[in-house]
Structure formats: C-alpha cells, structure tokens
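The basis for the numbers below is simple: all heavy atoms, side chains too, and nothing from hydrogens, waters or symmetry mates. Proteins get letters first, then strands, A, B, ... in listed order; numbering begins at 1 in each.
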Amino acid sequence: MKRAEQEAYERDYAQAKKEGKPFFPYAIYKDHIVAILVFAAIIGMAIWQRVGVGPPVYTATSTFEPRPEWYFFFLFQMLKIFKNQNALLPVIMATFIVPNLLMGLLIATPFIDQRAERRISKRPFALSVAVLVFVGIGWLTYQGETGAVPVSGGAITFTGITPGSAAAAGQTIFANSGCTSCHMIKGSGGQVGPNLTNVGTLGKTSTYAGTIPVKVPGVKGPVYSGENWFVLHTECPTCATPGSAMPAFANFTAKEYQQLATFLNGLGTTYK
Amino acid sequence: MSTTDIGPKGPVGQVGEAVVEYVDRRAGAKTGITWFLKRNIPSETSWFQTLGFAAMATFGLQAVTGMILAMYYKPDPTTAYSSIQHITNEVTWGWLVRGMHKWGASAMIILVFLHMARVFLFGSYKYPRELTWVTGAILLIMVMFMGLTGYLLVWDQRAYWATVVAMNITASAPIIGPYIADILRAGSNFNPDTLSRFYSIHMLVIPGGIATFIGLHLFLVSKLGITEPPWAKRAMRARRAEEAAARAAARERAPQGRREVTVAPATQPVKVEAGQ
C-alpha cells in the first residue's frame, strides 16, 4: 500500500471512529450473545453425542485405523493423492511441502496482498483464492469423512496359496494386522499407502547399513531384495523407503516376519 | 458532575472509592480499563465480527474443562486408558466435562477458521493490521497443534496409531524432521515418556503460547480498532462523496493543452531578509 493510501485509510478510519460508539457495551453485547450460543451448542453436542472410549492401545497386533481427528482429514487425504506414483506426485508433497506452503502463505497473506481495496467484489483474485482454499479443504475433509472404511483382508481369496503353507500364515497375519486400513489389495482396502495387489512384481531393492530390530534368519544387509526387502520394510519402513509414513511393525516374531514376507513377495506373481 | 452524584457516599462507597483510587495511582488500572472498554468503534459492525471473541471464549472453556480433566487424568501408558474410562463412566459429570472438552476442540477449530475467513473477506488484514493477522495465523497453527497433541491422550487404538503416523510424517521432513520427531516422542520410538511429553506439550507448552499470542492479538485489536465492514453506510457515503468530488474536479478541469493559469495564493508570508 502506498503511503498516500495508508494516510487516506487512517483519515477515513478516524472519521468512522469519531462517528462511532463505545466498544462497551455496543460490541461486547454482540460478542457475548454469540459466545453463549457457541457454549450452548458445545454443551448440547456433549450431551447429544456422548464421547466414548475406543479399544485400548495394543501395539502387538495393531488392527488399527490410522485416521486422525476430522480437522486433520484434509492433510490425511493428501496422503492418498501424493503416493510416489510418479515424479510429479511425490509423497513429500503431502507430508511436507503442501502443509508448510499453506502455513507460509497464511502468515504472509498481508505482505502478499498490499492493495488498498477492501471490498471483496473488487478483489476477484483474493475471492477466488478464498473459495479455492475453503472448497479444497472442505472437499478433502468430506472425502476423509466418507472415505474408504478399512476392510479386513481375510475375506479376500488368492489363487496359489495352499492351506498350512507359510504364505497362508502370512495372509492371516496381513488380514489381522490392519494392513488394509491403508493398503488396497485386490480392490478392497484403504488408499493411504500403495496398492499391494502386484507388489511382488515390482522388484523392490534397498540398501540399508544399520541393523533391524528383530533378527530374522537369513535376512542381512546391506542390500535387501525379494522377501528380505519386505522383512526390512515391515520392521522399519523408513529404512527401506526413506520418507515413508507407515508405522513400524516391530512386534512380530522372526517366523511371522518371514511368513508375511513370503506372502507379500509372491503377490502378483505366485499369489493372485 | 453527572446526575448520579447525589450526595456524600456511605462508608462502603468511600472504602470502595479509596481502593480503586489506591490501585489506579499505582497500576493505572482505571486508565487501562477505560482505554480498553470505552474506546470508540465504528458504529456499523457486522455479526461476523463476533467470531474472534467466540473463539477466545471457547479457549477459556477449553482451559476450564481441561483443568478439571487434569485433576483425574493420569499421563502414564499403563493407567491413561483406565483414567479416561474412570472420567467417562464414574466421575460425577465427568462424561459431560470430557464431552465439552472434545466438542469444544472441534468448535474452536471451526470458529478460528471462520474468523480467519471473515478477516480475509473484509480485507481487515490490510494496513495497519498486518501484525494482527500474523499473530492470528500463529494462533491458528497453535490451535491445530493442540488438536494433534490432545488426540493421543485418550490412549485408545485410533489415537495411538494416528499419532504414530503423524510422528512418522514429522520424521520424514527433510533435515530437521527426524530431530523434531525425536523431541516430540522423547526418543526415536514411541516409549512410556512419549505420553507424558505430549501431555505436557498439550496442557503447558501450547496453552502458554496461545495465551501469550491472544494477549498480543487483543492488544493490537484494541490499539488499531475493529474494522468497519467495507459495505458500511458511512464508508459508502464517504466513497461516494470522494467520487463526486473527483468527477466535479474532472468537469472543471480545462481542456488538454489549454490549462488555466492560476496564481496560487501565498500560504506563507513573504520573508524579507534583513538588510534589504
């Protein structure tokens, strides 16, 4: 804003204030009416929609649902858009770049928009940004609210798995550990993580020099590939895929890791 | 004096007046309260301009219900869940206080976003209120972090795993991400200290920050005044008068190239230097 515009505003506001009325009681009574209505709504909701307690934390099997409170749905939903599918949609967009960009733009708003005009009808760009941000956040929140509900993987059948084999045990572990909360497999499951239907065909390989929490016989670094890669990724997702948001599943036994890895490594090739 | 001055005050009135006088002489309380409450605001204000106060009042409600919950809550992984159950099922009105705290959190986030939308659409963040906006933006971010840290305390499956994912996301940020995640988790993994650390951040660190920034925000709001809605009748009248004056000036202006020559009246008396 130019100096002259700033001074014009100050003159105009001084005039408005001179013709105005005192803050107490003229503004404060309105404030209190709205605050009392808000309090009534909060108490009403607390009575009408009793807050319950979910199942207690159980870190071992973790049949979990990693959904945040509704006001983080818009950030959570972005994990479903940016999933490292290609170079244009890196997961870092959802986890770091977009949230920080939004915070930066929020703080910098008055320094970006320096025009004197205050009427929204004369600020088409500002209006479109406001509509875009609110519709965007609202839409993502709605998507998060009505988004895919986790489906148990137990009901999904695969060809090529013989009962009693390591892969069958791996499928049971997969079904009971809440993997489908995030991962889509054969058309059912969440969309936060990558689709695992054909994960065995991707030839995943990682180099990791450190040690993994639970020693699994035959699984050793620094280069992990095939079944070993899946053991590494389950025990320490960020060791195998830097930047991964997946929680570490560090409470299985060595045998369970092996079974789960056998199942995952065969997805799309042996088990379809 | 005003018409309320109807004679000598009784002993209670005299003592009261003396106390007010004593405090005012030392703290300037009367001056400050008069400055805060009796300042003029534009005569036309919108109902949308009450959202900020409603958000602040909700913060007060969250503080009070939070204090009550803190009397019963145990920030320890082995007892947190049962203390939540105790509050919900056994403590008198416990379910109501917990419900109010939870719904209050949602209400506060909605109010803060609506308040931001109002300020944006009214153009109230423009000169001279830029810093008011900056303090408000920081408040909004802190309110979001309140939601994030409060969520874990319930210590049920959803709370735990959602926070595990949130911490993994924090750790995935470049360069400082892992350090921030380690500070929040009190280690490189979730451990028994994580819960009490989140509890401390939720009820001491961020509320302290929010209270400080509400103070700054309020000071700036009081000092700079509440904006007049851009469609206020007075503002429209002033704008119309300005435009009419501009039109009149354009009408009276002589055609291009044939500008009237007028001698500007001397505003300062001509100085005559000594000796001339």
Side-chain angles (χ1 to χ4, degrees), chain A residues 1 6 9 12-13 15-17 19-24 26-27 30-31 34-35 38-39 41-43 45-47 50-51 53-58 62 64-72 95-96 103 106-107 109-111 113 116-120 123 126 130 134 238 243-247, chain B residues 37-43 45 47 50 53-54 57-58 61 81 84-85 88 95-96 98-100 102-104 106-107 109 111 117 120-123 125-127 130 133-134 137 140-141 147 151 154-158 160-162 164-166 168-169 171-174 225-226 228 230 234 238:
Chain A
M1 216 185 276
Q6 293 182 348
Y9 179 76
D12 187 61
Y13 189 71
Q15 187 62 32
K17 234 175 147 164
E19 291 177 25
K21 47 195 184 181
F23 173 70
F24 177 88
Y26 292 102
K30 278 180 164 181
D31 286 340
V34 173
V38 167
F39 279 22
I42 291 170
I43 294 169
M45 286 305 279
I47 294 169
R50 296 284 184 98
V51 176
V53 192
V57 171
Y58 188 47
S62 49
F64 69 99
E65 190 191 1
R67 270 155 66 90
E69 237 347 304
W70 69 265
Y71 35 81
F72 286 110
T95 58
F96 183 73
M103 280 200 275
L106 176 72
I107 292 174
T109 299
F111 310 108
D113 178 13
E117 182 58 60
R118 280 159 202 262
R119 285 167 292 179
I120 196 68
R123 294 159 58 209
F134 263 75
T238 47
S244 171
M246 181 174 135
Chain B
L37 290 179
K38 288 292 175 183
R39 71 201 150 88
N40 259 19
I41 54 160
S43 58
T45 51
W47 279 94
T50 58
F53 181 88
T58 312
L61 184 75
Y81 185 75
I84 292 278
Q85 278 187 320
T88 315
W95 62 272
L96 181 66
R98 187 173 159 233
M100 281 167 71
K102 183 172 164 121
W103 284 106
S106 292
I109 289 190
L111 287 168
F120 187 84
L121 295 175
F122 277 33
Y125 56 86
K126 289 164 188 255
Y127 177 85
E130 293 97 329
W133 171 278
V134 172
L140 184 143
I141 293 164
Y151 193 58
V154 183
W155 205 247
D156 62 7
Q157 281 288 72
R158 242 184 98 165
Y160 180 84
W161 290 104
V164 167
V165 172
N168 285 345
I169 289 173
S172 75
I226 309 170
E228 193 174 35
R234 190 212 61 83

Look up atom CG in A:Leu106 and atom CG in B:Leu140, then write down how far apart they are to the nearest 0.5 Å.
->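 Spacing of CG (A:Leu106) from CG (B:Leu140) equals 6.0 Å.
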
Between atom CH2 of B:Trp133 and atom OG1 of A:Thr109, what is the distance when rounded to the nearest 0.5 Å?
->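 Going from the CH2 atom of B:Trp133 to the OG1 atom of A:Thr109 covers 4.5 Å.
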
Is there side-chain contact between [X] and [Y], with at least one heavy-atom pair below 4.5 Å?
{"X": "A:Ile47", "Y": "B:Trp95", "answer": "yes"}
{"X": "A:Tyr13", "Y": "B:Pro42", "answer": "yes"}
{"X": "B:Ile141", "Y": "A:Ile107", "answer": "yes"}
{"X": "B:Ser106", "Y": "A:Tyr71", "answer": "yes"}

Test item: B:Arg39 side-chain N/O and A:Lys17 main-chain N/O as donor-acceptor pair under 3.5 Å =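 Pair absent, no side-chain N/O of B:Arg39 close to backbone of A:Lys17.
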
Do side-chain atoms of B:Tyr127 reach the backbone of A:Pro110 as a donor and acceptor pair under 3.5 angstrom?
->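 No, the answer is negative, given that no donor and acceptor are paired below the 3.5 Å cut-off.
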
Between [X] and chain A, with a heavy-atom cut-off of 4.5 Å, which part of the residue counts as in contact: side chain, backbone, both or neither?
{"X": "B:Phe122", "result": "backbone"}
{"X": "B:Ile226", "result": "both"}
{"X": "B:Lys126", "result": "both"}
{"X": "B:Ala173", "result": "both"}
{"X": "B:Leu96", "result": "both"}
{"X": "B:Thr58", "result": "both"}

Give the member of B:Gly99, B:Ala166, B:Ala107, B:Ala238 that has the highest number of heavy-atom pairs under 4.5 Å with chain A.
->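 Ranked by heavy-atom pairs under 4.5 Å with chain A, first place is B:Gly99.
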
Between chain A and each of B:Leu61, B:Val134, B:Val164, count heavy-atom pairs under 4.5 Å; write down the option with the most.
->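 Among the listed options, the one with the most contacts to chain A is B:Leu61.
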
If you count heavy-atom pairs within less than 4.5 Å of chain B, which of [options] leads?
{"options": "A:Val38, A:Val53, A:Ile120", "result": "A:Val53"}
{"options": "A:Met246, A:Met45, A:Met103, A:Gln15", "result": "A:Met45"}
{"options": "A:Ala126, A:Ala27, A:Ser244", "result": "A:Ala126"}

Under 4.5 Å heavy-atom distance to chain B, tell me which part of A:Arg119 shows up: side chain, backbone, both or neither.
->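 For A:Arg119, backbone and side chain are both near chain B.
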
Cationic N near anionic O, under 4.0 Å, B:Glu228 to A:Arg118 =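 Salt bridge between B:Glu228 and A:Arg118, a charged N being under 4.0 Å from a carboxylate O: no.
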
Identify the two heavy atoms, one from B:Glu130 and one from A:Phe111, that lie closest to each other, and give their separation to 0.1 Å.
->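 It is CB-CE2, 4.1 Å.
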
